[in-house]
Amino acid sequence: MSKIITLLLLLAASQQPTLACDGVIGQTARTTTTRDWWQSAQFYQIYPRSFKDSNGDGIGDLPGITSQLDYLKELGVTAVWLSPIYTSPMADFGYDIADFFDIQPEYGTLDDFDNLIQEANKRDLKVILDFVPNHSSDENEWFKKSVRREKGYEDYYMWHDGYVDDAGNRLPPSNWLQGFRGSAWEWNEQRQQYYLHQFAVKQPDLNYRNPTVVAQMKRVLKYWLDRGVAGFRIDAVPWCFEVLPDATGRYPDEPKSGYTDDPDDSSYLLHIYTQDQPETLDMVYQWRQLLEDYQRIHGGDTRVLLTEAWSPLDYVMKFYGNRTVEGAQMPFNFQFIVGGNGDKNNTQLPASGFVKIISSWLDNMPAEHTANWVMGNHDQRRVGSRYGEQRIDTMNMLQMFLPGVSITYMGEEIGMTDLDISWEDSRDPAACNSNSEIYEQFTRDPARTPFQWSNAENAGFSTNSTTWLPINPNYVTVNVQTEKAATKSHLTIYNQLVALRKTKTLQLGDVRYSAFGDNILAIKRSLKNEKTYLLLANVLNSDATVDVTRELKVSGNFKTIISNMISTAKEGDVISADNILLKAYEAIVVESE
Ligand SMILES: *[C@@H]1O[C@H](CO)[C@@H](O)[C@H](O)[C@H]1NC(C)=O
Ligand SMILES: *[C@@H]1O[C@H](CO)[C@@H](O)[C@H](O)[C@H]1NC(C)=O
Ligand SMILES: CC(=O)N[C@H]1CO[C@H](CO)[C@@H](O)[C@@H]1O
Ligand SMILES: [Ca+2]
Ligand SMILES: [Ca+2]
């Protein structure tokens, strides 16, 4: 970020935001006129295995992505982030990396990658890579060397003798649990020690208290920066560090959470010693410094860090940095995933629930920073399945209308929904490590089905009728080609929102929002000397009428510019701010006259 922009942001931060007059109104002050590229960017997450298959093996790949860059450009995308494409035995579909410096053969080659970057640059599209620092694959050379105690690699991973009880049974070092069910410790016969794996058995945790490991991972970042990536999305950050063992070398057991009776489920324990350790924040600040240094030496646009942390909000906010040090530009805001109903079924969430989610981020974010909005990803059920299909456009509207960065998971722009995957077809280790009775609670496969390009065979994803996960049969109507040709579709609405985002009001304007009864959520974006826009959404299944003049401080008439699939409002329809009728699940965007 240039000095001038930093200064402007600091100036903006020093202005006191207007205080909310009651619990449901929020507002942030924004007076900046210059923005760095990422601050109002539209990010798009690609799960490469499911995006586009170029060679008919039923698996998406890099040439497939390259062949669809024009689609991404048309969609207004600023930067794409790719889920892992590195060499991997695919125990966790690429989140188990065997070689951090090479590409998984079924996805392509380094040449294919360089070509992707080159073609993306031609279109002014940026590419962000997933960086998976917490663990490698057990098939990584580093791990093999560590097992053999080769010089320099002895302490690359988290090794421990464990204990032997009076009956001679071997016991793991602590009660810690892995993310995919069962103990986080695995006995290694060859080395005669346990190793820690906070995720699958095939994902041994790297030892971040070893400076050689820290330096090695920085080499990884530099390597991909040299190949032209614009930054990184950092996977599973809170797990990087574990608590230090005590003087006798013992790791403390974690306390029970009381959330579940299932002792293999990771939520059985409170992860106070294996997540959210203070050292982890410092590591992120070091990575940010690396990006800053890289830019100083090599020039070019700001390189960005996006961090994935499902931690308590006060900890997540610390990823932004503090008074003395900068951290990630975008600690992922998962409030639309975790901030609704505890069971993530938000189909009945009332307007006040939406307000709570929005303000949880805007009211807690350090003032000089930029918000971001994540509605879903490859680990969650599809937005239409969590919030209800009637709200698909409403969720896209929210994501694009709120101030800051939007992050769309591929397929949400066309309204793809979950596909129930049978036990036989399940591929996700989170499902496969359980059993046929309970796997549906854990599986992440339903949101990972192949992207739906057209109503041609195999949804235009592949020429192979056997794809790595089955294709959702709704592809016949839910696909890019059909939706592009329609006069009104999820995709055409998404494109209208993209255009709206380019206005100064949306890029730089203030936000004010409120719930009206259970039904209506209303958000205002405004900027001096520019048009004012309102997003008016009825989030429930009954009609409602509302007067938004007092809470949103608006008056007079507004012209409809965008409406959701359910709405019969036409572009140009005029409404009066003191008397707005919204039918069940209707959502519209209106502009001041
Ligand atoms: C079709 O895809 C399946 C599953 O990925 C694979 O086993 C098979 O070899 C593929 N067929 C061809 C012709 O590549
Ligand atoms: C969510 O809850 C609604 C209403 O309680 C129910 O009809 C729907 O089936 C639930 N959806 C899921 C995916 O559980
Ligand atoms: C959202 C996300 O990227 N989740 C990943 C977190 O890390 C684990 C282990 O690397 C993956 O399995 C998840 O997919
Ligand atoms: Ca392929
Ligand atoms: Ca770790």
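Sequential numbering from 1 along the given sequence is applied to the chain's residues. None of these values were measured; they are calculated from a predicted model. As the structure lists them, so they are numbered: ligands from 1, and atoms in each ligand from 1.
- Note on C240: counted as a metal contact of the Ca ion (ligand 5), an N/O/S atom lying under 3.0 Å.
- For E242, the N/O/S atom at the shortest distance from the Ca ion (ligand 5) is named OE2.
- Among the backbone and side-chain atoms of Q198, none of the N, O or S atoms lies under 3.0 Å from the Ca ion (ligand 5).
- Here the shortest heavy-atom pairing between D96 and K202 reads CB-O, 4.2 Å.
- The two residues F332 and I407 make their nearest non-hydrogen contact at CE2-CD1, 3.4 Å.
- Of the N or O atoms in T466, one or more lie within a sub-3.5 Å distance of an N or O in ligand 1.
- Looking only at distances, no side-chain donor or acceptor of N479 sits under 3.5 Å from a matching main-chain atom of Q452.
- Contacts between R381 and ligand 2, counted as non-hydrogen atom pairs separated by less than 4.0 Å, are absent for every part of the residue.
- In the model, D265 has a side-chain atom that pairs as donor or acceptor with a side-chain atom of S267 under 3.5 Å.
- Counting protein heavy atoms only, atom 14 (O) of ligand 1 is closest to G56 O, 3.2 Å.
- For the pair L398/W373, no side-chain contact is recorded, criterion being any heavy-atom separation below 4.5 Å from C-beta on.
- At a cut-off of 3.0 Å, W239 is counted among the residues with an N, O or S atom near the Ca ion (ligand 5).
- Near T347, meaning under 4.0 Å from one of its heavy atoms, ligand 2 places the atoms 1 (C), 2 (O), 3 (C).
- Within the 4.0 angstrom cut-off, atom 7 (O) of ligand 2 has no protein heavy-atom neighbours.
- The main-chain N or O of V539 is found under 3.5 Å from a side-chain atom of R391 such that the two form a donor-acceptor pair.
- Applying the 4.0 Å criterion to heavy atoms of Q348 picks out, from ligand 2, the atoms 4 (C).
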